[in-house]
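Reading through the structure tokens given below for one structure.
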Amino acid sequence: MKVGIKYCGGCNPTIDRANLTKRLREKLEPGKYTFEYFDFHDCEVVLVINGCSVGCTKIPKSKNTIIVSGSEMDGKQYPEEMLSDQVVRKLESYPVALN
């Protein structure tokens, strides 16, 4: 599955965005996911990571979008240490496209 990752500008982060991404990579099944940081056209899921709850990042048009804003994912609050588990669970809920 190709996952696009889009970060906010990082002006006032309350979470460590890079560490969140690192934890995701460690928890996801190796070889099943690839990550794209610039061109989201062929991505099956786009993960938008805002460092704070303002959530100012422009969201790419994608039917499968996961939005992290501070310690919230899709509008639900989680402790920061549990956030990566919730994102992984959501990513794994999407069907993998057959090539």
Side-chain angles (χ1 to χ4, degrees):
M1 176 182 291
K2 191 171 184 181
V3 179
I5 297 182
K6 182 169 176 133
Y7 292 107
C8 68
C11 65
N12 191 26
T14 58
I15 62 165
D16 185 337
R17 298 165 302 146
N19 189 41
L20 174 62
T21 304
K22 179 184 173 200
R23 291 191 327 259
L24 292 174
R25 289 172 160 263
E26 291 169 351
K27 292 177 182 193
L28 290 168
E29 183 180 328
K32 187 174 178 181
Y33 297 88
T34 58
F35 298 91
E36 174 61 51
Y37 293 88
F38 300 104
D39 181 9
F40 304 122
H41 282 78
D42 294 332
C43 294
E44 295 161 278
V45 178
V46 177
L47 173 60
V48 178
I49 302 177
N50 293 290
C52 73
S53 62
V54 172
C56 63
T57 302
K58 186 174 180 179
I59 300 169
K61 291 182 181 177
S62 172
K63 64 180 177 182
N64 296 326
T65 305
I66 300 170
I67 301 171
V68 172
S69 296
S71 58
E72 293 180 7
M73 182 190 76
D74 294 340
K76 187 171 180 186
Q77 188 82 26
Y78 297 99
E80 186 175 353
E81 62 274 4
M82 292 179 59
L83 193 56
S84 61
D85 292 329
Q86 296 302 318
V87 174
V88 166
R89 195 169 288 128
K90 180 90 179 225
L91 279 172
E92 290 175 339
S93 75
Y94 291 110
V96 177
L98 301 174
N99 295 326

All heavy atoms of Val87 vs all of Val68, minimum pair found to be CG2-CG2, 3.9 Å
Taking atom NZ as the centre, does Lys22 end up with more than 12 heavy-atom neighbours from other residues, nucleotides or ligands that are less than 6.0 angstrom away?
no
Heavy-atom closest contact (Glu36 atom, Cys43 atom, distance)
CB-SG, 3.8 Å
Flag the pair Glu44 / Tyr94 as yes when at least one side-chain heavy-atom distance between them is below 4.5 Å, and no otherwise.
no
Is the OH atom of Tyr37 crowded by more than 12 outside heavy atoms at less than 6.0 Å?
yes
Given Leu47, which of Asn64, Ile67, Leu24 fulfils the side chain to side chain contact (heavy atoms under 4.5 Å, CB included) condition?
Leu24
Looking at NZ of Lys6 and CZ of Phe38, how far apart are the two atoms once the value is rounded to the nearest 0.5 Å?
11.0 Å
Residues Val54, Asn12; criterion side-chain contact (heavy atoms from CB on, under 4.5 Å); working and verdict
CA-CA 9 Å; Val54 172; Asn12 191 26; over 6 Å; no
Hydrophobic cluster membership, Val88 vs Val46, 4.5 Å side-chain cutoff
no
Grab the two heavy atoms, one from Ser69 and one from Gly55, that are nearest each other, plus how far apart they are.
OG-CA, 3.7 Å
Taking atom NZ of Lys2 and atom CG of Asp39, what is their separation to the nearest 0.5 Å?
6.0 Å
Report the distance from atom CD of Glu92 to atom NZ of Lys27, rounding to the nearest 0.5 Å.
10.5 Å
Same cluster (ILVMFWY, side-chain, under 4.5 Å), Phe35 and Leu83:
yes
Consider only side-chain heavy atoms of I, L, V, M, F, W and Y, link residues closer than 4.5 Å, and tell whether Phe40 and Leu91 are in one cluster.
no
Taking every heavy atom of Arg23 against every heavy atom of Ser84, the minimum-distance pair comes out as NE-OG, 3.4 Å
Output the distance between atom NZ (Lys90) and atom NZ (Lys76), rounded to the nearest 0.5 Å.
11.0 Å
Looking at Thr21 and Ile5, what are the two nearest heavy atoms and their distance?
CG2-CD1, 3.8 Å
Of Thr14, Ile15, Leu20, the one forming a side chain to side chain contact (heavy atoms under 4.5 Å, CB included) with Glu80 is Ile15
Less than 4.5 Å apart, side chain to side chain, heavy atoms only: is that true for Asn50 and Glu72?
no
Tell me whether Leu28 shares a hydrophobic cluster with Val48, the cluster being built from Ile, Leu, Val, Met, Phe, Trp, Tyr side chains joined at under 4.5 Å.
no
Quick one: pull up OH in Tyr7 and CZ in Arg17 and give me the separation to the nearest 0.5 Å.
7.5 Å
